[in-house]
Amino acid sequence: QVQLVESGGGLVQSGGSLRLDCVISGDISRLDAMSWFRQAPGMQRERVATITTVGTTNYVDSVKGRFTISRNSAENTVYLQMNNLKPEDTAAYYCNVKGYRRYSIEGIVPFDSWGPGTQVTVSS
């Protein structure tokens, strides 16, 4: 089983910064893509940023130039550095990881895991 735990959310003023952390654990054979999603009340869940194990990154247009996704493979951690935060960034933020995990000594199986989320609130 693959488990994710997010941390780093909180309450900040407009223009402030936060860094979200996602710690990945489990019997993982291969990681493919690590992402941050967010969902505000009454809104659809939105992919904010993605990073692959080869370092490719993608961002939703609304956060380009403000957010940076990165990872530390040795620590099995994914980060989202959020700068110049705006009230419209207020949402629950979720870590999502895709890859392959071991289910026996001989086999692997794909996984798609989510963390429980961390709340980010940005005041005007």
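Note that these values count all heavy atoms, side chains included, but never hydrogens, waters or copies made by symmetry. Computed from a predicted structure; not experimentally measured.
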Tyr59: what forms a ring pair (Phe, Tyr, Trp, His ring centres under 6.0 Å) with it, not counting sequence neighbours?
->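 In terms of ring pair (Phe, Tyr, Trp, His ring centres under 6.0 Å), with neighbours along the sequence ignored, Tyr59 is linked to no residue.
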List in chain and number order the residues that pass salt bridge (charged side-chain N to carboxylate O under 4.0 Å, His left out) with [X], two or more places apart in sequence or in another chain; answer none if no residue qualifies.
X     : result
Arg19 : Asp21
Arg45 : none
Arg71 : none

List, by chain and number, the other hydrophobic cluster members for Tyr94, where Ile, Leu, Val, Met, Phe, Trp and Tyr join if side-chain heavy atoms come within less than 4.5 Å, directly or indirectly.
->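 Other cluster members: Phe37, Trp114.
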Which other residues end up in the same hydrophobic cluster as Val23, if Ile, Leu, Val, Met, Phe, Trp and Tyr are linked when side-chain heavy atoms come under 4.5 Å apart?
->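 Grouped by the 4.5 Å side-chain rule, Val23 forms a cluster of one, so the answer is none.
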Residues 116-124 side chain polar contacts: donor-acceptor under 3.5 Å, at least two apart:
from	atom 1	to	atom 2	distance (Å)
Thr118	OG1	Gly9	N	3.2
Gln119	NE2	Ala91	O	3.4
Gln119	NE2	Thr121	OG1	3.4
Ser123	OG	Val12	O	3.4

Identify the two heavy atoms, one from Leu85 and one from Arg66, that lie closest to each other, and give their separation to 0.1 Å.
->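 Reported closest heavy-atom pair: CA-NH1, 3.9 Å.
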Nearest heavy-atom pair of Ile69 and Met34: which atoms, and what distance?
->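 Answer, listing the atom of Ile69 first, then Met34: CD1-O, 3.7 Å.
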Which pairs of donor and acceptor atoms, one on a side chain in residues 104-113, lie under 3.5 Å apart (sequence neighbours left out)?
from	atom 1	to	atom 2	distance (Å)
Ser104	OG	Glu106	N	3.2
Ser104	OG	Gly107	N	3.0
Asp112	OD1	Asn96	ND2	2.6
Ser113	OG	Val2	O	3.4

Pairs in or reaching into residues 7-110: which pass disulfide (SG to SG under 2.5 Å), with residues at least two apart or in two chains?
->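 Qualifying pairs, neighbours excluded: Cys22-Cys95.
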Contact list for residues 2-18, test side chain to side chain donor-acceptor pair (under 3.5 Å), sequence neighbours left out =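 Passing the test, one end in residues 2-18: Ser17-Asn83.
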Can you find a heavy atom in the side chain of Thr68 that is under 4.5 Å from one in the side chain of Tyr79?
->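 The answer is no; the side chains never approach within 4.5 Å.
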So which pairs with a foot in residues 49-63 pass salt bridge (Lys or Arg N to Asp or Glu O under 4.0 Å), sequence neighbours left out?
->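 Non-adjacent pairs meeting salt bridge (Lys or Arg N to Asp or Glu O under 4.0 Å): Asp61-Lys64.
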Check side-chain contact (heavy atoms from CB on, under 4.5 Å) between Thr52 and all other residues, then give those that pass, not counting sequence neighbours.
->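 Residues passing side-chain contact (heavy atoms from CB on, under 4.5 Å) with Thr52: Val54, Thr56.
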